[in-house]
Structures are given as C-alpha cells and as structure tokens.
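Note that the coordinates shown come from a computational prediction; the quantities given were computed from them, not determined experimentally. In each ligand, atom 1 is the first atom listed, and ligand 1 is the first ligand listed.
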Amino acid sequence: MTSMKNKLQNLKQEILERLEKAADILQLQELEEKYLGRKGELTLLLKEVGNLPAAERKETGKLANEIRTEIKQKLIEIKKKLDKNIHNDEFFDATLPGTKIASGHLHPLTQVQRDLEKIFSSMGFMILDGPELESDYYNFEALNIPKSHPARDMQDTFYINHKNKQGEYDMVMRTHTSNVQVRAMEKYGAPLRGVALGKIYRNEATDQRHEHTFYQIEGLMVDKDISIAHLMAVLREMFKRLFDQSANIRLRPGFFSFVEPGVEVEMSCLLCKGKGCPVCKRTGWVEMLGAGLVHPNVLRAGGIDSKIYSGFAFGTGIERLAMMKYGIDDIRLFHSGDLYFLKQF
Ligand code: FA5
C-alpha cells in the first residue's frame, strides 16, 4: 500500500473513532469542520491525491472517494442519534408557555367582611373586636338578659365547663357579636360609632339557612338624639354599597332584650327583584337583621348617661349578606371547603 493510502486509512480510522465519541451536536459540528471543512485534514489530503502520479492516482482516488462517502454517512447517522437523544431527554422549548403558578384568593366571606369594614370606616365607624370565649356577663347580663330570663332561649348556647364562686356556669362561646356593645361603651364612652365583625357559636341544627358557627357584624352608634331614622339611613347605605344597587328596606317589630324599640329589618329580595322566589319564600322580602335603639339599661351598664345619650344597634349574619350578594341558596357551602364552590369568587 502506498503511503498515501496508508495516510487515508489512518485518518479514516481516527475520524470514525472521534465521531463515535462526540457527546453532542456541537462537538460533532466541530469535528466536521476539523476534518471535512474547507481547510479540513481530510479535504487537504484528498487534494493531494490529485498530485499523485497517474498510475497511482486512479486507485488512490477511488479509495479516497469511498472514505469520504463513508465518513459523510457516519456523520449523518451520528447526527440523527444525537438529535434523538436531545428530543428524548433534554429538549427544552423555551418558546412554550410556562406552567401557571397556582395562587389562592380570599374566601367570599372574607371578601364581604373587608367590603363591610371599608363601607363602615368611610362612615366614621371604628372596627371593634371582642373575644369569642366570653363571660356570661357581656354576652347576656349586661345586655339586659338576666339569668333565667326567657330571652336566653332565643340563642341556644354552648356553656364552657367553668363555674364562678356561686357555682354557676359563667363562660360561653359568644352567641352574637352584641357582646362587644358594653365592652366598647366601657372602653370608649360616648359618642361612639363602631362595628364588630367576627365568629359566633350556637347550638343549632344546620339547614340551608342555618349554621352552628357563623359570622356576624354588629353596628353600634351612640350620640345625642340618635333615632331609628339614623339606623335606617346607615343600613340603606350599607345595602346600597355592598350590593351595588339600592334596596328597599322595611321594619317589623322584633324583640331583643337589649333594644327598645326592637325591630327586624327586611330587605326587598335582590334575587327576584321583589317578585317572589324560593329564597324569599315567595314574599319578595328577606329578613336580614335584628336592630333597635339601645336599651337604657345597656347604656347604663356601659357607663353612659341614658338621659343625655341614645343609640342604635344592629346585628346581622355575614353569610346571609353574602348569600344575597352572590345568589347562594345554601349557607353550608361556605364552610364546606368545596373548591368548585370557592373558585367561583
Ligand atoms: C342577634 O344575634 C342579635 N344580637 C342581633 C341584634 C343586634 C339585635 C343588635 C338588636 C341589636 P339574631 O339571633 O336574630 O339576633 O341573629 C341576627 C342575624 O344573624 C339574623 O338576622 C341572621 O342574619 C343571622 N343568623 C341568625 N341565626 C343564624 C344561623 N343559625 N345561621 C346563620 N345566620 C344566622
């Protein structure tokens, strides 16, 4: 074998070995350039074949062409293999949209609570707070509901296993946010404007409109010459801003020991526009809250002179407000943890 044939065979061997070892497309391209590029080692050697004596040139030229074809085929084969690896393992398409990061949102009841806080803050009401585990005194007695008074039956209560010196149970899970009334009067005196929002507890069987644990908002305004007209104006404003539309309200007499007179406030049903539907029991009106003028005994318990000051108070369920706002017909959905329900808000 001539030394040119030798050189060609050796170079072919070297090229094939190095091509096999290429780890990725980039390395393969570098090798292609090194051996087959315009100034590549194989290209230059092939050019030399042209300078060989005629007798030798024919045979060596044939070998050279075969080697070049073989190497080109090898290149294609290895390129395909590397391409396949990329698609299988590491291929990353930077133009595809990314995976969305899941983010939560506020519970509908929290949204309504925040709306209410904004509405009342803008009317000059403080945001008040009170304990969920409450003394019998602030939950009942200070609100003109003495022990053994039949009004205690209106709110089925969870008593805590804790007794005072007289051996009476004296702590309850608060049955309404009205427990904040006398606390606020003691702390801030008169004049006073505040709302208290929070969780309350009743020993109740649940149904579409009743929960045993639910949220209330309490409103309290004490000043000189406060009347039912102030109560109605504030409630109208609350409904208008919470529901983004005006609602008619009407009052019916209602009994609560801590107000005199006491009223039940009804609102024209927003779901059927007063025409009558299952939610308003076909009456066109829905009972929304209890309210009235603060009883003089309660003002006195709060250290406020009832001859100088008067006030109104109201209390309503936040679930009931949210049901009316969003057209929800079962109160139990709020605390069910059902994501299909919650994702709609
Ligand atoms: C009260 O709780 C009084 N504290 C309200 C009040 C405050 C009257 C200040 C006068 C002055 P009542 O038990 O009716 O009253 O409840 C008030 C509101 O809470 C109801 O109108 C209703 O919106 C809501 N509510 C009552 N019971 C439930 C229940 N089991 N589940 C859901 N919401 C309820």
Side-chain angles (χ1 to χ4, degrees), residues 109 112-113 116 125 128 130 132 134 138-140 142-145 151-158 172-185 192 194-222 226 228 230-232 234-235 238-239 242 249-267 269 279-280 285-299 302 310-325 328-335:
L109 289 178
V112 171
Q113 283 191 40
L116 288 167
F125 283 71
L128 302 164
E132 288 176 23
E134 182 58 288
Y138 284 114
N139 197 81
F140 292 125
L143 294 176
N144 208 24
I145 315 176
R152 292 224 173 184
D153 292 344
M154 289 167 71
Q155 299 177 352
D156 240 343
T157 313
F158 291 113
V172 300
M173 297 308 292
R174 69 172 170 186
T175 55
H176 49 185
T177 42
S178 300
N179 70 323
V180 177
Q181 287 189 19
V182 169
R183 287 179 171 278
M185 290 179 206
L192 168 64
V195 283
L197 299 92
K199 205 190 267 177
I200 67 140
Y201 305 82
R202 294 195 192 169
N203 183 17
E204 286 210 35
T206 58
D207 62 27
Q208 259 182 291
R209 284 177 60 77
H210 293 88
E211 266 291 1
H212 49 75
T213 303
F214 58 100
Y215 289 82
Q216 279 191 339
I217 172 170
E218 187 84 8
L220 176 66
M221 180 167 179
V222 181
I226 293 295
I228 290 282
H230 295 102
L231 169 72
M232 291 195 55
V234 167
L235 290 179
M238 170 179 93
F239 288 144
L242 186 64
I249 56 176
R250 72 177 186 186
L251 308 184
R252 285 191 298 115
F255 174 76
F256 301 95
S257 297
F258 33 99
V259 283
E260 181 58 39
V263 291
E264 302 269 3
V265 181
E266 296 187 350
M267 186 182 80
C269 181
V279 170
C280 61
W285 295 92
V286 232
E287 188 198 308
M288 293 303 289
L289 49 95
L293 293 185
V294 182
H295 196 290
N297 286 351
V298 178
L299 289 172
S310 55
F312 70 69
F314 66 85
T316 182
I318 293 176
E319 283 84 352
R320 296 272 176 90
L321 293 174
M323 286 167 85
M324 196 38 69
K325 184 173 167 87
I328 296 161
D329 60 4
D330 194 330
I331 196 170
R332 291 165 295 194
L333 285 165
F334 288 111
H335 305 291

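Contact analysis leaves E264 out of contact with ligand 1, as no non-hydrogen atom separation drops below 4.0 angstrom. Ligand 1 is approached by M288 to a heavy-atom distance shorter than 4.0 Å. Close to ligand 1: Q181, with a non-hydrogen atom less than 4.0 angstrom away. Residue E319 places no heavy atom under 4.0 Å from ligand 1.
Checked against a 3.5 angstrom limit, the closest N/O atoms of E218 and ligand 1 fall outside it. In terms of polar-atom proximity, F214 is not counted as a contact of ligand 1, lacking any N or O under 3.5 Å from an N or O of the ligand. Residue S178 has at least one nitrogen or oxygen atom sitting less than 3.5 Å from a nitrogen or oxygen atom of ligand 1, judged on distance alone.
Between the Q208 side chain and the D329 main chain, a donor and an acceptor come within less than 3.5 Å of each other.
By the 4.0 Å N-to-carboxylate-O rule, E134 lies close enough to R183 to be salt-bridged with it. Salt bridge annotation for R250-E266: present, with a cationic side-chain nitrogen under 4.0 angstrom from a carboxylate oxygen.
Of the protein's heavy atoms, Q216 NE2, 3.5 Å lies nearest to atom 17 (C) of ligand 1.
The aromatic ring centres of H176 and F256 sit 6.0 Å or more apart.
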